[in-house]
Number of protein chains: 2
Amino acid sequence: MTNQLDSFFSALADPTRRAVVEQLIQGPAAVSALHDGHDMALPTFLRHLKVLEDSGLVTSTKKGRVRTVEMQPKALRAGADWFEAHKSMWEGRIDRLARLADHLERTRT
Amino acid sequence: MTNQLDSFFSALADPTRRAVVEQLIQGPAAVSALHDGHDMALPTFLRHLKVLEDSGLVTSTKKGRVRTVEMQPKALRAGADWFEAHKSMWEGRIDRLARLADHLERTRT
DNA sequence: GAGTTGGTTAGTCATATAGCTAAGTATTGC
DNA sequence: GCAATACTTAGCTATATGACTAACCAACTC
């Protein structure tokens, strides 16, 4: 559980990997196609892909000499859910603070 | 921009720090109160708090000898927004795939 | 004003991460 | 079957991260 979120968030804590996620939202792509436009050596880029795959955010399959990478919907949802759960708790608290502030404002005047 | 999300996601990529965020949703708390229940030396714990503060997720103020830490709503929203933007793009694609699958299913039978 | 409490700073260590080059393997195309 | 393509593996380096201890400072409390 905990470990899942660890690798999930740290996978997204890098601009290269977030860019790959954004590319893959358009649809699956080959490693070399994803690599184009990223100014780094291929082995370095492959390590980023491995991080994404280990986190469960993407999967890949090899056909012939081409490896195709694809987003994995469930993983993205797990992270979004964490946010939803905590954001709503937080916003509930904000609302209470806002009401308190209103109250103080009214009673002062 | 990019840098903001980097530090934001890596701040959340650690169970101790996520636990602190969850504690702080209940309301502000002193360093020592937050530290209770986390089985690690205080200096180590302080570094985690610094990471959270550097990421903008929390702020802190010192009064007398007590430092009080507090969540920062805007920062949480920035991350949630990133998710919302990309999740919806992704889910749009899922819907298209589902329709395609339906179509293929129908035409085959 | 001496001791306790709450936090801070400094310094060490081990492991992880992000980058590189160089060399290797396995398909595909001519 | 030889060359080009598309990764893959191995091995190196530098920096970042997460943990610790020890020693320190500042502010309450007797």
Side-chain angles (χ1 to χ4, degrees), chain A residues 1-24 27-71 79, chain B residues 1-24 27-71 79:
Chain A
M1 268 282 144
T2 288
N3 230 329
Q4 170 100 344
L5 279 174
D6 284 10
S7 62
F8 180 83
F9 282 122
S10 56
L12 291 176
D14 179 284
T16 299
R17 292 193 291 263
R18 283 197 305 278
V20 168
V21 166
E22 291 172 19
Q23 285 177 266
L24 288 177
V31 166
S32 52
L34 289 169
H35 178 229
D36 282 356
H38 291 278
D39 187 22
M40 63 178 60
L42 184 59
T44 304
F45 186 73
L46 272 176
R47 289 262 286 270
H48 283 299
L49 290 182
K50 186 173 175 356
V51 171
L52 284 171
E53 195 156 3
D54 288 351
S55 78
L57 270 165
V58 309
T59 54
S60 74
T61 48
K62 195 164 183 179
K63 198 168 194 175
R65 60 185 168 179
V66 175
R67 178 172 295 280
T68 301
V69 185
E70 190 174 1
M71 277 295 299
Chain B
M1 269 278 146
T2 288
N3 229 328
Q4 169 101 345
L5 280 173
D6 283 11
S7 62
F8 179 82
F9 281 122
S10 57
L12 292 176
D14 180 284
T16 299
R17 291 194 293 262
R18 282 198 306 279
V20 169
V21 166
E22 291 172 20
Q23 284 176 266
L24 288 177
V31 166
S32 52
L34 289 170
H35 178 227
D36 282 356
H38 291 278
D39 186 23
M40 63 179 61
L42 184 58
T44 303
F45 187 72
L46 272 177
R47 287 264 287 271
H48 283 299
L49 290 182
K50 185 174 177 348
V51 171
L52 285 171
E53 194 156 4
D54 288 349
S55 79
L57 271 166
V58 311
T59 54
S60 74
T61 48
K62 195 166 182 176
K63 198 168 194 174
R65 61 186 169 177
V66 175
R67 179 172 294 280
T68 301
V69 185
E70 190 175 1
M71 275 296 297

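Chain letters run A, B, ... following the sequence lines, proteins first, then strands; residues in each count from 1.
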Checklist line | Separation between CG of A:L46 and CZ of A:R67, rounded to the nearest 0.5 Å | finding: 8.5 Å

Check: Taking 5' to 3' order, which nucleotide of DNA chain C is first and which is last to have an atom within less than 4.0 Å of a heavy atom in chain A?
Finding: C:dA18 to C:dT28

Check: A:H35: what forms a ring pair (Phe, Tyr, Trp, His ring centres under 6.0 Å) with it, not counting sequence neighbours?
Finding: A:F45

Notebook entry, point to check: A:Q23 and A:A33: which non-hydrogen atoms are nearest, and at how many Å?
Noted result: NE2-O, 4.4 Å

Note to self: Show, in sequence, the C-alpha distance, side-chain angles and deciding distance for B:V20 and B:L49, and conclude whether the side-chain contact (heavy atoms from CB on, under 4.5 Å) test is met.
What the structure shows: CA-CA 8 Å; B:V20 169; B:L49 290 182; 4.0 Å; yes

Check: Roughly how far, to the nearest 0.5 Å, is CE of B:M71 from CD of B:E22?
Finding: 10.5 Å

Next item on the list: List the atom of A:S55, the atom of A:S7, and the distance in Å for their closest heavy-atom pair.
Entry: CB-O, 3.6 Å

Check: From B:F8 CZ over to B:L52 CG, what is the distance, rounded to the nearest 0.5 angstrom?
Finding: 10.5 Å

Notebook entry, point to check: A:A29 and A:L24: which non-hydrogen atoms are nearest, and at how many Å?
Noted result: N-CD2, 3.9 Å

Next item on the list: Please indicate whether B:D39 has more than 12 foreign heavy atoms, meaning atoms of other residues, nucleotides or ligands, lying under 6.0 Å from its CG.
Entry: no

Check: Which of these, A:T61, A:T59, A:V31, sits in a side chain to side chain contact (heavy atoms under 4.5 Å, CB included) with A:V69?
Finding: A:V31

Check: 5'-most contact on DNA chain C: A:T16 or B:A30, nearest heavy atom basis?
Finding: B:A30

Notebook entry, point to check: Looking at B:A13 and B:R18, what are the two nearest heavy atoms and their distance?
Noted result: C-NH1, 3.8 Å

Item checked: Contact boundaries on DNA chain D for chain A, cut-off under 4.0 Å to non-hydrogen atoms -> D:dA4 to D:dT9

Notebook entry, point to check: Which string of ( ) [ ] | and . matches DNA chain C, if you list each base 5' to 3' and count Watson-Crick or G-U pairs only when both distances are under 3.5 Å?
Noted result: ||||||||||||||||||||||||||||||

Next item on the list: Look only at the side chain of A:R17 and the backbone of A:L12, and say whether a donor-acceptor pair between them is shorter than 3.5 Å.
Entry: no

Notebook entry, point to check: Listed in order of residue number, which residues of residues 31-48 of chain A have a non-hydrogen atom at under 4.0 Å from DNA chain D?
Noted result: A:V31, A:S32, A:L42, A:P43, A:L46

Checklist line | Contact residues, residues 49-65 of chain A to DNA chain D [heavy atom, < 4.0 Å] | finding: A:K62, A:R65

Check: Do B:H38 and B:T16 touch side chain to side chain, with heavy atoms closer than 4.5 Å?
Finding: yes

